[in-house]
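Here the structure is a predicted model, which is why all the values come from computation and not from measurement.
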Amino acid sequence: MHKYLPKFFIFLDQYNSEIFKNKKKNIGIIYRNYKGRNRESQLIKIADACKKNRYQLFVSNDVKLVHKVKADGIYIPSFNKSKKFSNLEKKNIIILGSAHNQKEIHNKISQNCCAIFLSPLFYVKKSKKFLGLHKFNYLSNMNKINILALGGISENN
């Protein structure tokens, strides 16, 4: 794989011009809108802005849209257990995934993900369960894959 993973990731469900005013170059945008009516037009706007700002673009769960907007990769959420994404790295498409536990990490490894978002690291309102630092470190050291922290991260913690 010739592409490198960005240092920072931003999850979007619609176009937001404020995000693209950031002058940092090492940013990845993950477009995660599953049911929006104007989903495709929003993604085209985001893809144009990513190309202008040299941000990497990842589309969630839709291979056709990845090819249509010439995205850098695909993001496979934890609820997707399908193996249909496993041949994408041959087409130079980066595969990212998300997981919440060891079983889901193994599933994402079998889907050929090159990095996995492990969440939630800290407390978030929508989930009563969270990993905490010790369990996150244990799971990330136990698996030989890039593990990225997600969920509940703020300036305070």
Scanning both residues in full, the closest heavy-atom pair of Ile29 with Ile46 reads CG2-CG2, 3.9 Å
Heavy atoms of Asn80 and Gln111 approach each other most closely as O-NE2, 3.1 Å
Side-chain donor-acceptor pair present, Tyr75, Ser98, cut-off under 3.5 Å: yes
Between Cys50 and Phe20, the two heavy atoms sitting closest are SG-CE2, 3.9 Å
| query | Do other residues, nucleotides or ligands put more than 12 heavy atoms under 6.0 Å from the NZ atom of Lys68? | reply | no
Apply ring-ring contact (aromatic ring centres under 6.0 Å, His included) to the pair Phe79 and Tyr34, showing each step before the final yes or no. CA-CA 13 Å; Phe79 62 80; Tyr34 302 115; 5.7 Å; yes
- Can you find a pair of side-chain heavy atoms, one from Ile74 and one from Phe58, that are under 4.5 Å apart? no
Without hydrogens or angle criteria, can the side chains of Lys45 and Gln42 be said to hold a donor-acceptor pair below 3.5 Å?
no
What one should report as the nearest heavy-atom pair of Pro6 and Asn26 is CA-OD1, 3.0 Å
Using side-chain heavy atoms (C-beta onward) and a distance below 4.5 Å, is Ile30 in contact with Ile10?
no
Between Gly97 and Lys108 the two heavy atoms that sit nearest each other are CA-CD, 4.1 Å
Rounding to 0.5 Å, atoms CG (Leu148) and CG (Leu5) come to a distance of 7.0 Å
Is there side-chain contact between Ile94 and Gln56, with at least one heavy-atom pair below 4.5 Å? yes
Of all heavy-atom pairs linking Tyr55 and Lys24, the shortest is CE2-O, 3.1 Å
The single option from Asn141, Ile145, Asn146 that satisfies side-chain contact (heavy atoms from CB on, under 4.5 Å) with Asn143 is Ile145
So OG of Ser60 and CZ of Phe11: to nearest 0.5 Å the spacing works out to 8.5 Å
The single option from Lys103, Glu104, Gln102 that satisfies side-chain hydrogen bond (donor to acceptor under 3.5 Å, both in side chains) with His106 is Gln102
